Structures are given as C-alpha cells and as structure tokens.
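Remember, it's a predicted structure, so these values are computed and weren't measured experimentally. We name chains A, B, ... by the order of the sequence lines, and we start the count at 1 in each one.
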Number of protein chains: 2
Amino acid sequence: MEKRVIPVKTVERLVLYKRLLRDILAKGESSLYSHQLAKMANNTPAQVRRDLMMIGYAGGTPRKGYQTQELIDRIIQILDESKEQKIVLVGIGNLGRAILSYFSFQQPGFTIAAAFDSDESKTNRVIAGCRCYHLREFAEKIKETDAKLGVITVPAQHAQQVADMMIECGIKGILNFAPIPLKVPDNVFIDRIDITMALEKVAYLAG
Amino acid sequence: MEKRVIPVKTVERLVLYKRLLRDILAKGESSLYSHQLAKMANNTPAQVRRDLMMIGYAGGTPRKGYQTQELIDRIIQILDESKEQKIVLVGIGNLGRAILSYFSFQQPGFTIAAAFDSDESKTNRVIAGCRCYHLREFAEKIKETDAKLGVITVPAQHAQQVADMMIECGIKGILNFAPIPLKVPDNVFIDRIDITMALEKVAYLAG
DNA sequence: AATTACCCGTGAAACAATTCACATTGTTAT
DNA sequence: ATAACAATGTGAATTGTTTCACGGGTAATT
Ligand SMILES: NC(=O)c1ccc[n+]([C@@H]2O[C@H](COP(=O)([O-])OP(=O)(O)OC[C@H]3O[C@@H](n4cnc5c(N)ncnc54)[C@H](O)[C@@H]3O)[C@@H](O)[C@H]2O)c1
Ligand SMILES: NC(=O)c1ccc[n+]([C@@H]2O[C@H](COP(=O)([O-])OP(=O)(O)OC[C@H]3O[C@@H](n4cnc5c(N)ncnc54)[C@H](O)[C@@H]3O)[C@@H](O)[C@H]2O)c1
C-alpha cells in the first residue's frame with residue numbers, strides 16, 4: 001500500500017514539461033522562468049511552481065529562474081526513466097500498426113518488444129521492426145521479453161479478455177484504446193484513450 | 001460569454017454512458033439502475049445519479065430505475081447529435097490513415113469530409129473512402145464541405161500553423177494528436193490526445 | 001551601499017469534483 | 001391496506017486541484 005505523493009495531473013504535466021524543456025535546451029537556453037514554461041504548456045506560472053514543489057524541487061533562483069538541464073534531470077529522476085521500458089501490443093490493426101511505426105524509430109525510453117494478433121494473416125512477420133506473433137504465443141514471448149507494459153488495440157468486445165491475459169502474464173500497466181472501461185485489479189494501473197469520445201467532446205464543446 | 005453548465009468531466013462520462021446504454025438496450029434490457037451503469041462505467045452509483053442530475057434528468061423511479069431508451073434519447077439531446085458532424089483531417093500519415101479508416105465505415109454522427117497533406121505523394125487519391133487533397137486546397141474544400149471540426153495528425157513542429165489555418169477557415173473545434181499544446185482563441189475549443197504522454201504516465205504509475 | 005525590480009516558494013483561499021447520507025417515493029409482499 | 005424495502009434525487013461534507021498573494025531573496029542599477 002504505497003502512498004502516492006504526486007497527483008496524476010501533475011505527472012501528466014511533468015511529462016509535458018520534460019519535452020518542452022528539451023526543446024528549450026536545444027534552442028540553447030540554459031535557464032528559464034516559470035512564466036516561460038507556463039506559456040509553452042498553456043498554464044500559469046503558479047501552476048508550474050506548484051508542480052515543481054510537488055516533486056520537491058526548489059532549485060530556482062529569483063533572478064535567474066531554473067537551470068534547464070538540472071530541471072530535466074530532476075523530472076527524469078522522478079518519472080524514473082532510468083531503464084528502457086518494454087511494451088507489448090495486442091491488436092495489429094490500423095491503429096496498432098500506426099503505434100508500432102511511431103515507436104519503432106522514435107521515442108527513447110520505450111520499446112515495443114512484440115506485437116500479437118488473433119488473425120493469422122497479421123502474424124509471423126515484422127512490422128516497423130517489431131516481431132508479430134499469434135496470440136497463442138503471448139505467454140511464452142512475454143516471458144522472454146520481460147515486458148511490464150501493454151497496449152490494447154483490439155475491438156471493444158475482445159479488450160477485456162486481452163487485459164485479463166496480460167495481467168495473468170505479469171503486465172503491470174495497460175494503455176487501452178478500446179472504447180470501454182476494463183476491470184483490472186488494484187495493483188495494475190490502466191489508462192484509456194478514447195478517440196471517439198474525445199471527438200464527441202470537441203463537437204459538443206465547440207458547438 | 002455563454003455559461004457552461006455541464007462540467008467537461010460529466011460530458012465525457014455522458015458519451016460513455018450513451019455507448020454503454022446502447023449495449024444494454026441491444027441485450028434487451030429496457031430499464032436499469034444507477035448501480036448497474038456505474039459498474040459498467042467503473043464508477044459509483046452516486047456519480048451516475050449526479051451526472052444525470054447535471055443534465056436535468058429526473059426520470060428515474062425508485063423501484064424500476066431508468067428507462068434505457070429514454071435515457072439514451074435524453075443524453076443524445078443534450079449532446080446535440082441531431083446533425084451529422086463534418087470533420088477535416090490534416091496529416092495523412094500512419095495515425096491519420098488509421099483514423100480515416102476507422103471513421104470511414106463506422107461512427108454514425110461523424111463524417112470525415114476531406115483529408116489534407118503537404119506531401120504530394122499522399123494526395124489526390126481516396127483513402128478509406130475519404131478524398132485526400134493537397135494542403136493548398138484547404139480553404140477551398142472546407143467551404144464546400146462546411147466542416148466545423150478538425151483533426152490534426154501532423155508532426156509537432158507543424159501543428160500550430162495547421163491549427164491557425166483551420167481557425168482562419170472557420171473551424172470551431174480541434175482534436176490535436178501532436179504532442180504539444182496549441183494556442184487558439186477563446187471561441188475555439190481544443191483537446192489534445194497525447195499518446196506518448198499516456199504511455200509515460202502508465203509507466204510511472206505502474207512502477 | 002542602498003535601491004529597485006523581479007521572481008521563487010508556499011501557506012491560505014477559492015474553486016471544482018466526488019462521495020456521503022438521508023428524506024422521499026414507488027413497488028412488492030403480506 | 002399497510003408494512004417493508006430498495007433505489008432515486010439532492011443538500012451537505014469531503015476530497016482534490018488551482019489560484020492568490022506575499023515574504024524572502026537575488027541580481028542589476030544608481
Ligand atoms: N483507428 C482509430 O482511429 C480508432 C478510433 C477510435 C477507437 N479505436 C479503437 O481502437 C481499437 C482498434 O482499432 P483499429 O482501427 O485498429 O481496428 P482494426 O479492426 O483495424 O484492428 C483490430 C485488430 O485486432 C485484432 N483482434 C481482434 N480480436 C483480437 C483478439 N482477441 N486478440 C488479438 N487480436 C485481436 C484484429 O485481427 C485486428 O487486426 C478498437 O477498439 C477501436 O474501437 C480506433
Ligand atoms: N502514430 C502514433 O502512434 C503516434 C503516437 C504519438 C504521437 N503521435 C503524433 O501524431 C502525429 C502524427 O503521427 P504519425 O505517426 O501519423 O506521423 P507521420 O509522420 O506518419 O505522418 C505525418 C503526416 O503529416 C504530413 N505533414 C507534415 N507537415 C505537414 C503540414 N504542414 N501540413 C500537412 N501535412 C503535413 C506528412 O506528410 C505526413 O503524411 C505526430 O505529431 C506524432 O507526434 C503519433
């Protein structure tokens with residue numbers, strides 16, 4: 001029962017800050033102010049400072065702001081990106097393939113170690129550098145790769161059984177693209193990206 | 001300055017409820033209780049009732065619960081899904097194509113009216129039933145289709161200029177898949193889906 | 001050296017979302 | 001009929017998040 005100290009909302013913003021800070025650094029800016037980061041992140045200086053307070057960072061100085069590199073390092077340390085994260089993906093359809101190709105030649109820190117599908121015509125080949133297996137080989141391959149994260153891109157009606165299988169095989173975190181909430185035990189973290197819901201929301205709020 | 005009465009979080013759940021209720025109805029259940037819907041939505045009966053209260057729905061009865069069809073109708077009415085929503089998509093890459101094919105033969109209520117890319121090799125053809133044009137034809141085609149919603153699936157460094165162009169052409173709602181926040185005027189609603197951020201969050205919270 | 005301007009860190013206040021808890025009410029059983 | 005029950009609708013309490021506002025400090029300016 002570990003106590004979660006950093007709010008999820010803050011974690012989300014930290015991931016964003018890290019990316020923005022890297023852009024900053026690439027532009028040669030070795031230090032910055034909270035209001036500069038806030039502007040890029042579309043939030044407020046107070047929120048930036050509060051977020052940094054949440055991770056126990058107090059390395060800013062009034063007239064020079066924060067050291068870009070130092071701040072990046074601190075965020076990386078908090079997010080614990082010391083080791084490469086191994087991911088397995090189930091559902092080699094349109095969306096699954098888009099994700100495979102994106103992570104194949106980008107995204108340091110994350111590797112899709114293997115992909116699976118129940119359709120024989122999608123398996124036993126390499127897509128975007130990722131080996132694709134039949135679902136029946138899941139348990140075996142996951143032991144080989146020692147992946148702890150899973151991505152679900154199968155149709156909604158099969159998503160729960162895929163999640164169950166992942167958890168059975170030791171997956172601890174799941175990103176679910178199927179448009180239904182899945183039941184998972186407390187020790188597994190799950191997040192859902194629901195593209196259709198996001199569009200409906202935009203349609204409503206734009207109206 | 002219109003007053004927004006329904007919280008965004010509630011809107012998100014309403015979209016989910018609507019889908020779940022349709023599944024319920026398809027199974028032949030003509031009525032249901034808040035705790036049943038809550039179980040499917042992975043939340044609490046109190047939250048379901050609160051959400052329904054937000055949309056001014058008080059048609060439940062203590063012993064019979066809610067009428068499935070009536071509730072669906074009410075949610076649809078609130079979300080204002082009377083007319084087909086026209087969408088334009090910019091960035092016919094891996095993710096863009098996945099979205100095109102998904103919405104082509106699914107998703108009642110939404111039509112991707114046209115897609116655009118700056119790469120000539122991606123344009124002047126039909127992908128998943130959607131016509132693909134060069135970006136220079138954007139203004140012209142958007143007038144023809146009268147689309148009010150836009151989806152951005154271009155690389156991050158081009159996302160802001162694409163958003164600016166969309167807004168210039170009268171787009172009122174944008175769904176942005178590029179991993180940076182975009183600046184838009186107050187009268188335009190924008191939402192971002194950041195897949196990499198979601199994965200980093202899962203990695204952190206699963207750890 | 002003193003003055004000024006600016007920004008950080010954070011306690012406190014304000015605001016937003018969720019959960020609690022209960023009076024109310026329709027349904028069923030006796 | 002009437003009693004017992006089970007689920008609704010909602011005010012109040014709680015919990016979570018964001019914003020305010022100010023003390024303290026640092027560097028540039030005079
Ligand atoms: N593509 C999009 O833009 C989009 C938008 C909104 C939601 N989604 C959701 O994302 C998910 C995937 O969408 P898609 O467009 O890639 O669909 P898709 O039909 O192209 O791909 C689904 C893949 O899953 C495989 N599959 C089916 N059952 C399986 C099982 N039990 N085990 C393993 N593999 C299985 C299929 O063989 C297929 O390859 C769906 O749940 C969909 O609702 C996608
Ligand atoms: N595919 C994924 O799984 C994934 C994951 C995380 C984030 N993203 C983000 O989604 C976006 C799209 O990803 P993708 O994998 O489809 O990339 P992609 O490179 O496959 O596609 C990008 C497309 O945008 C087009 N483009 C570039 N500049 C343009 C411009 N100014 N106007 C019009 N079109 C232009 C390119 O020609 C290309 O067709 C990127 O911002 C990426 O960071 C994608």
Distance, rounded to the nearest Å, where [X] contributes [atom1] and [N] contributes [atom2]:
| X | N | atom1 | atom2 | value |
| --- | --- | --- | --- | --- |
| A:Q67 | C:dC8 | CD | C1' | 14 Å |
| A:H35 | D:dC20 | NE2 | P | 17 Å |
| B:L37 | D:dT8 | CG | P | 10 Å |
| B:K39 | D:dA7 | NZ | P | 14 Å |

Presence of salt bridge, A:E144 and A:K141, under 4.0 angstrom: yes

Once hydrogens and angles are ignored, does a donor-acceptor distance under 3.5 Å link the base of D:dT19 to the side chain of A:R50? yes

With a non-hydrogen cut-off below 4.0 angstrom, is B:T10 in contact with a base, only sugar-phosphate, or nothing? nothing

Identify whether any heavy atom of A:G56 sits under 4.0 Å from a base atom; if not, whether one sits that close to sugar-phosphate; answer base, sugar-phosphate or nothing. nothing

Does A:Y33 or B:R63 map to a spot on DNA chain C nearer the 5' end, using the closest nucleotide for each? A:Y33

Taking only the side-chain heavy atoms of [X] (C-beta and beyond), determine which of [options] contains the nearest atom.
| X | options | value |
| --- | --- | --- |
| B:R49 | C:dT18, D:dT17, D:dT10 | D:dT10 |
| B:K64 | D:dA7, C:dT27, D:dT19 | C:dT27 |
| B:A46 | C:dG26, D:dT17, C:dC20 | C:dC20 |

Would the number of heavy atoms belonging to other residues, nucleotides or ligands and lying under 6.0 Å from NZ of B:K183 be above 12? yes

Result for 5'-nearest mapping on DNA chain D, choosing between A:P62 and A:K9, is A:K9

Answer whether the closest heavy-atom distance between the side chains of A:R192 and A:I190 falls below 4.5 Å. no

For a 4.5 angstrom cut-off between non-hydrogen side-chain atoms, does B:I87 reach B:F110? yes

